[in-house]
Asker: 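Just passing along the structure, written as structure tokens.
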2 protein chains.
Amino acid sequence: MQEIRYGGKMARVTLQTIADRLGVSRATVSYAFSRPDQLSDDLRRRILQVADELGYAGPNAAARSLRLGRAGAVGLLFSETLAYAFADPYALGFFQGLATAAEEAGVGLLILPLPRGGTRTPPVLDAVVDAFCVVSLPDGHPALAEVLSRRLPVVVVDEPYVPGHPFLGIDEPAAGARAARHLIELGHRRIGVAMVGLHGDGRTGWADPARQRGAVFEAMRGRRSGYEAACVSAGVDWASVPFYELARNSRAAGREAGHALLGRTPRPTAILANTDVLALGILDAAADLGLDVPGDLSVVGFSDSAAEEAGLTTIRQAKQEIGAAAGRLLLEPPDEPERLLFPHELIVRASTAPPRP
Amino acid sequence: MQEIRYGGKMARVTLQTIADRLGVSRATVSYAFSRPDQLSDDLRRRILQVADELGYAGPNAAARSLRLGRAGAVGLLFSETLAYAFADPYALGFFQGLATAAEEAGVGLLILPLPRGGTRTPPVLDAVVDAFCVVSLPDGHPALAEVLSRRLPVVVVDEPYVPGHPFLGIDEPAAGARAARHLIELGHRRIGVAMVGLHGDGRTGWADPARQRGAVFEAMRGRRSGYEAACVSAGVDWASVPFYELARNSRAAGREAGHALLGRTPRPTAILANTDVLALGILDAAADLGLDVPGDLSVVGFSDSAAEEAGLTTIRQAKQEIGAAAGRLLLEPPDEPERLLFPHELIVRASTAPPRP
DNA sequence: CCCTCCTTCTTAATCCATTAAGACCTTAAT
DNA sequence: ATTAAGGTCTTAATGGATTAAGAAGGAGGG
């Protein structure tokens with residue numbers, strides 16, 4: 001807690017300073033701020049006036065938090081940089097839900113930077129919060145261990161599932177399968193896949209099944225296994241399904257994946273993308289190549305976060321509701337931690353159709 | 001700070017608990033966590049092991065913050081609900097910049113709910129932070145007084161200007177005038193104005209000059225006065241300029257304003273909107289009416305936050321840089337508070353042209 | 001053997017506030 | 001006059017940790 005000094009040096013003003021000035025006890029001064037009814041109006045007025053004269057900054061927040069055992073804030077830990085998070089429609093939807101819940105409860109939302117080598121202090125260990133919300137952390141991320149070591153209520157969203165703590169997300173394998181089955185049912189058999197967020201190593205390019213299954217992000221692993229299961233049960237050989245992995249979730253990345261996938265022979269008649277943003281990039285690539293969507297190519301996105309205007313078929317998940325539910329669980333931790341799977345829904349729009357005969 | 005109880009009751013574990021268990025002093029245990037070099041390896045190992053066995057949650061964050069006089073977080077106060085902020089492109093750009101600066105410094109960003117009647121605890125007074133960033137608060141908002149009472153470093157962005165504290169924003173009157181002058185220079189004289197964020201009273205509809213000047217948001221007041229100054233100096237009678245005020249910054253609101261303004265006789269040949277989102281709505285309204293933009297109608301937005309794809313002429317302001325600069329000032333408060341006005345720039349796109357003869 | 005220097009740990013002050021319970025005084029009722 | 005009841009303020013315990021300075025013990029040098 002830094003202090004502003006006006007001109008010369010100035011000892012910090014505390015309740016005691018004021019008490020000494022007036023010859024009353026510290027408790028009395030405290031009551032003047034927190035329990036007006038415990039004091040005579042006259043004394044209270046004098047106390048507040050002296051406080052003002054001395055430049056008292058009000059009861060110290062850290063001291064109150066220590067004494068009261070309450071922080072009035074919940075911590076949020078997100079896998080990506082915030083610059084990224086604030087640009088990702090899915091994350092924003094979730095934040096909206098969470099922030100609204102926090103707002104209604106009158107508690108703050110402390111957005112924490114991921115612990116990094118260079119930082120002077122470990123943000124998670126020093127966070128003055130009543131609970132943590134962990135969103136989309138890869139398997140084995142050290143920040144998760146730090147969070148758990150604090151022994152505060154923890155809610156995990158999307159990944160990774162931590163036994164003993166509430167979990168919120170969707171049934172990823174089922175949702176992935178739903179997306180893939182949609183293409184299968186339309187008659188597609190030459191399907192390509194573009195996925196972002198499998199590994200944290202920044203690789204972009206073709207990924208074989210072994211690498212696919214080794215993804216460190218649990219939710220994406222599940223989503224992919226849903227893709228695979230639906231394909232396999234339709235008789236598609238998964239090993240032959242071209243699978244392009246991206247490091248960044250951007251339209252440009254999607255376009256790159258689109259060019260890679262559409263450059264294959266035989267050309268896929270449909271592409272599964274694990275985010276809407278990626279799917280939009282794939283539509284760009286299709287446009288580059290003069291392909292008609294959905295005539296020559298069907299595309300399915302994920303999340304329904306940026307899909308509507310583009311007429312993209314996608315899986316809708318209740319971002320805001322998940323955020324709001326996370327907020328509620330943080331504020332009133334349940335006795336029995338539950339694994340809550342929210343509904344998802346296939347939204348069919350104009351980007352998918354049967355393949356041309 | 002809530003505590004998780006596994007099964008039965010369990011006294012809270014503190015440094016002292018561990019110290020007692022091992023027959024060492026509390027200080028020793030503290031060193032085991034914060035200064036490994038002060039202890040023999042053997043004792044340190046034993047301490048950490050006992051800590052683990054007892055389920056110690058690590059040094060209490062509030063207590064550390066109190067003792068160290070450092071919170072490791074900066075508070076952010078924003079005029080709108082967060083659900084709104086997370087949907088507003090301008091706010092998001094600013095957040096990105098701020099969050100990135102915070103992230104690089106390894107400090108948290110505590111997003112505070114605005115104090116409301118119903119809340120149990122005053123969020124601003126209880127916020128454990130080292131500094132506050134206040135963004136776009138209306139004149140006389142009580143939260144600002146609370147922030148100032150904390151006597152921590154404060155940085156204000158956009159509004160309101162608080163003497164003695166750093167201020168970041170743009171030269172609003174100049175930027176407003178630049179936008180209006182663009183239309184004037186193209187030859188427009190029948191200009192309409194649509195503005196959001198003047199008052200906090202939720203009113204939508206025509207606003208006369210008195211109400212315009214009574215706006216409680218300083219930045220918007222300045223922007224508007226720039227509009228007026230440019231018009232007046234071109235000989236346009238401001239009292240006759242139709243001025244439509246909106247309560248919400250949304251595309252739908254813009255459309256409403258567009259219909260209101262374009263329904264006037266004589267119809268304006270150009271409209272100034274004080275946000276891009278509003279401007280997009282006005283384009284919608286023009287499309288509804290079958291008007292050609294920019295043939296029948298020119299539209300100028302503001303902020304360059306959602307303008308590019310739509311080909312909207314707008315004033316660009318460096319959202320992210322302002323956010324990043326705010327972050328730096330929060331982390332290293334300057335001796336002399338400065339009023340920093342960032343550059344703005346007119347970006348001419350396809351939504352403006354000379355009026356038809 | 002004595003002195004010095006380390007290493008390792010302890011002492012004790014400090015950070016700032018909250019609040020139950022008790023003390024004291026005044027007023028009102030019986 | 002006596003007692004009860006309020007009103008107003010104080011006492012003292014409490015929340016959990018950090019760190020400068022001091023003490024005790026062992027190792028090395030002369």
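Proteins get letters first, then strands, A, B, ... in listed order; numbering begins at 1 in each.
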Asker: Without decimals, in angstroms, what is the distance between B:Arg64 CZ and D:dG16 C1'?
Answerer: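 B:Arg64 atom CZ is separated from D:dG16 atom C1' by 12 Å.
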
Asker: Please tabulate, one pair per line, each protein N/O and nucleotide N/O from nucleotides 19-24 of chain D that are separated by under 3.5 Å, including the distance.
Answerer:
residue	atom	partner	partner atom	Å
D:dA20	N6	B:Tyr31	OH	3.4

Asker: May I ask you to say what A:Val29 touches in the nucleic acid, namely base, sugar-phosphate or nothing, with a heavy-atom cut-off under 4.0 Å?
Answerer: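 Contact class for A:Val29: none.
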
Asker: Could I get the full list of side chain to side chain contact (heavy atoms under 4.5 Å, CB included) partners for B:Ala324, not counting sequence neighbours?
Answerer: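 Checked B:Ala324 against side chain to side chain contact (heavy atoms under 4.5 Å, CB included); matches are B:Arg328.
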
Asker: Between A:Leu15 (CG) and D:dT11 (C1'), how many Å, whole number?
Answerer: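 To the nearest whole Å, that distance equals 16 Å.
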
Asker: Does the side chain of B:Tyr90 reach to within under 4.5 Å of the side chain of B:Asp158, using non-hydrogen atoms?
Answerer: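 Yes, side chains in contact.
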
Asker: Is the ring pair A:Tyr84/A:Phe78 parallel, tilted or perpendicular, if the boundaries are 30 and 60 degrees?
Answerer: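 Judged by the thresholds at 30° and 60°, the geometry between A:Tyr84 and A:Phe78 is parallel.
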
Asker: Could you tell me how far apart B:Leu125 (CG) and C:dT18 (C1') are, to the nearest whole angstrom?
Answerer: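 Computing the B:Leu125:CG to C:dT18:C1' distance gives 16 Å.
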
Asker: Would you kindly give the CG-to-P distance between B:Asp41 and C:dC9, to the nearest whole Å?
Answerer: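 It works out to 10 Å between those atoms.
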
Asker: Look at all strands and tell whether A:Ser25 reaches a base, only sugar-phosphate, or nothing, counting heavy atoms closer than 4.0 Å.
Answerer: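 Result for A:Ser25 = base.
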
Asker: What verdict does the side chain to side chain contact (heavy atoms under 4.5 Å, CB included) test give for A:Tyr56 and A:Val50, after you've listed the backbone C-alpha separation in whole Å, the side-chain angles of each residue and the deciding distance to 0.1 Å?
Answerer: CA-CA 8 Å; A:Tyr56 180 54; A:Val50 169; over 6 Å; no

Asker: Would you call A:Arg46-A:Asp42 a salt bridge at under 4.0 Å N-O?
Answerer: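 So A:Arg46 pairs with A:Asp42 through a salt bridge.
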
Asker: Let's go through B:Leu148 and B:His165 carefully: what are the C-alpha distance in whole Å and the side-chain angles of both, what is the deciding distance for side chain to side chain contact (heavy atoms under 4.5 Å, CB included) to 0.1 Å, and is it a yes or a no?
Answerer: CA-CA 10 Å; B:Leu148 294 175; B:His165 295 281; 3.6 Å; yes

Asker: Under the side chain to side chain contact (heavy atoms under 4.5 Å, CB included) rule, what do B:Tyr161 and B:Val156 come out as? Steps first, then yes or no, please.
Answerer: CA-CA 7 Å; B:Tyr161 175 61; B:Val156 181; over 6 Å; no

Asker: Quick one: A:Leu66 CG to D:dA13 P, roughly how many Å, whole number?
Answerer: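 Roughly 18 Å, once rounded to whole Å.
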
Asker: To the nearest Å, give me how far apart CZ (A:Phe33) and P (C:dT19) are.
Answerer: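 From A:Phe33 CZ to C:dT19 P: 15 Å.
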
Asker: What contact category does B:Ser40 fall into here, base, sugar-phosphate, or nothing, at under 4.0 angstrom with non-hydrogen atoms?
Answerer: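 Contact class for B:Ser40: sugar-phosphate only.
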
Asker: If we only count heavy atoms from C-beta on, is the B:Phe95 to B:Leu76 side-chain gap below 4.5 Å?
Answerer: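 Yes, their side chains come closer than 4.5 Å.
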
Asker: With heavy atoms under 4.0 Å as the rule, sort B:Tyr56 into base, sugar-phosphate or nothing.
Answerer: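 Here B:Tyr56 touches the backbone only, sparing every base.
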
Asker: Side-chain contact test, heavy atoms from C-beta onward, threshold under 4.5 Å: evaluate it for A:Leu152 versus A:Asp130 and give yes or no.
Answerer: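 No - every pair of side-chain heavy atoms lies 4.5 Å or more apart.
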
Asker: Which ranges of DNA chain D pair up as stems, where a stem means three or more consecutive Watson-Crick or G-U pairs with both distances under 3.5 Å?
Answerer: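 Correct response: C:1-30 with D:1-30.
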
Asker: Please state how far atom CD in B:Gln16 lies from atom P in D:dT14, giving the value in whole angstrom units.
Answerer: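 The distance from CD of B:Gln16 to P of D:dT14 comes to 13 Å, rounded to the nearest Å.
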
Asker: Between C1' on C:dC16 and CG on A:Asn60, what's the gap in Å once rounded to a whole number?
Answerer: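 Answer to the nearest Å: 6 Å.
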
